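Note that this is a predicted model, so its numbers are computed, not measured. First listed ligand is number 1; within each ligand, the first listed atom is number 1.
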Amino acid sequence: MSIDPVATVDSVPSRSVEVPGWVSGGEATQARLVDSVAHFTHQRDTEALDHSLTLSLAELADARTVTLYKRAGERSGPQESLVRCSRNALGRFNIDLVPRSADASTDLLLQQGERDGGCVRLRDGGYGMLVPIRHDGRMIGALMLESEHPLEMLRPLVEGFARIYANYVGLLDESERDKLTGLYNRRSFDRHLQRQLHGTRPREGEQAGQTWLAILDIDHFKRINDTWGHLYGDEVILMIAQQMRASFRHGDALFRFGGEEFVVLMSAIDREAATAALQRFRTRVQDHEFPQVGQVTVSVGFAVIGPHDYPATVLDRADKALYFAKNSGRNQVFSYEDLRARGALDGDVTAGSVDLF
Ligand SMILES: Nc1nc2c(ncn2[C@@H]2O[C@H](COP(=O)(O)OP(=O)(O)OP(=O)(O)O)[C@@H](O)[C@H]2O)c(=O)[nH]1
């Protein structure tokens, strides 16, 4: 069923306590609990962790549905995603990942969770419990359990799982991100590429787009370091990352591959739209006054990603377009497919600077 806060009424009286059998069990119960935690903390990427969390809780709490609401961490804005584990007609659990924009009902739910984390009766007679998930004092999401049984007794368990989850998300996030800029690091690139290719569905009213890979490289960065020193060089890298965040859309994945080289995985309807977005970023950088250093420019090469392309192949194509941009005077954006169609890459094209996998 849909989780609509309008459907939640009345706080559950504190004495209504009915508990799934396992809660009062002995060693077998403890073993099951430990097993769940071990399984859950074995995961090495956030998506698997989300699935494992909702499934573990659904099984342990004998819930009919466990929903994990996640607030977008990296940017401001209302974007959220939702992972739902629910029991099907055969009694088995299914997990759905639903990327979505926040709507009024989600916000209301989260506000409610913030306020009291309340146990509620659902309109259909079921029981609901909402537990906020906090990391470093910030609410990063919430867990909503729905069951045929009252859930109050399970609150410490669910809160414990929420705390472990928050700690773990923090750790995973750190291992996936570049320390200086907070952008994703190269290690997480393949996973994001798969998600971008297979996970993004167009929003209502939106046409399905294509996925593009762009390499952005700061021009004459060595000169910046040599003239102003590495600290100013680092500052430029940081500001370029900020410009990327401000230029690209929320669903686009932003990486620092190392040094002064950045990668964007973006959706765009066609090559013109991709070019426009990248030109906007290039102009933005060119027009920015960097402290002490003054003007900085970037060169960009990009290529479309087909569903069966290897990451290394597309990186190589985007890198060839970048190399062309560098050789054509820098501060420009080039598409590999466009250059290919014009015959501009025929002949002597040496691979650029990207180290392939
Ligand atoms: N400050 C700073 N410098 C870095 C970092 N990583 C790499 N560099 C420097 O970035 C410079 C890259 O220089 P090159 O690859 O020659 O490229 P470039 O000077 O930007 O020239 P073009 O790309 O051809 O325009 C080198 O001097 C590296 O030492 C970093 O994290 N911080």
Near Arg330 (heavy-atom distance under 4.0 Å), the atoms of ligand 1 are 22 (P), 24 (O), 25 (O)
Which of the numbered atoms in ligand 1 are below 4.0 angstrom from a heavy atom of Ile237?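 Contacts of ligand 1 toward Ile237, numbered from 1: 30 (C), 31 (O), 32 (N).
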Would you say the rings of [Y] and [X] are close, in the sense that their centroids are separated by under 6.0 Å?
| X | Y | answer |
| --- | --- | --- |
| Phe189 | Phe255 | yes |
| His288 | Phe290 | yes |
| Phe302 | Phe334 | no |
| His192 | Tyr184 | yes |

Among [options], which one puts a heavy atom closest to [atom]?
| atom | options | value |
| --- | --- | --- |
| atom 15 (O) of ligand 1 | Glu260, Arg223, Lys222 | Glu260 |
| atom 8 (N) of ligand 1 | Leu180, Val298, Asn225 | Asn225 |
| atom 32 (N) of ligand 1 | Asp219, Asp217, Asp234, Asn331 | Asp234 |

Taking the side chain as every heavy atom from C-beta outward, state whether Arg249 and Met266 have any pair of such atoms under 4.5 Å apart. no
Do Gly233 and ligand 1 have an N or O pair less than 3.5 Å apart?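 The answer is no, given that Gly233 and ligand 1 share no N or O pair closer than 3.5 Å.
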Would you say Ile218 and ligand 1 have an N/O pair spaced under 3.5 Å apart?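 Between Ile218 and ligand 1 (N or O atoms, distance only) the closest approach is under 3.5 Å.
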Return yes when Arg256 approaches ligand 1 closer than 4.0 angstrom through a heavy atom, no otherwise. yes
From Ser188 OG over to Leu193 CG, what is the distance, rounded to the nearest 0.5 angstrom? 11.0 Å
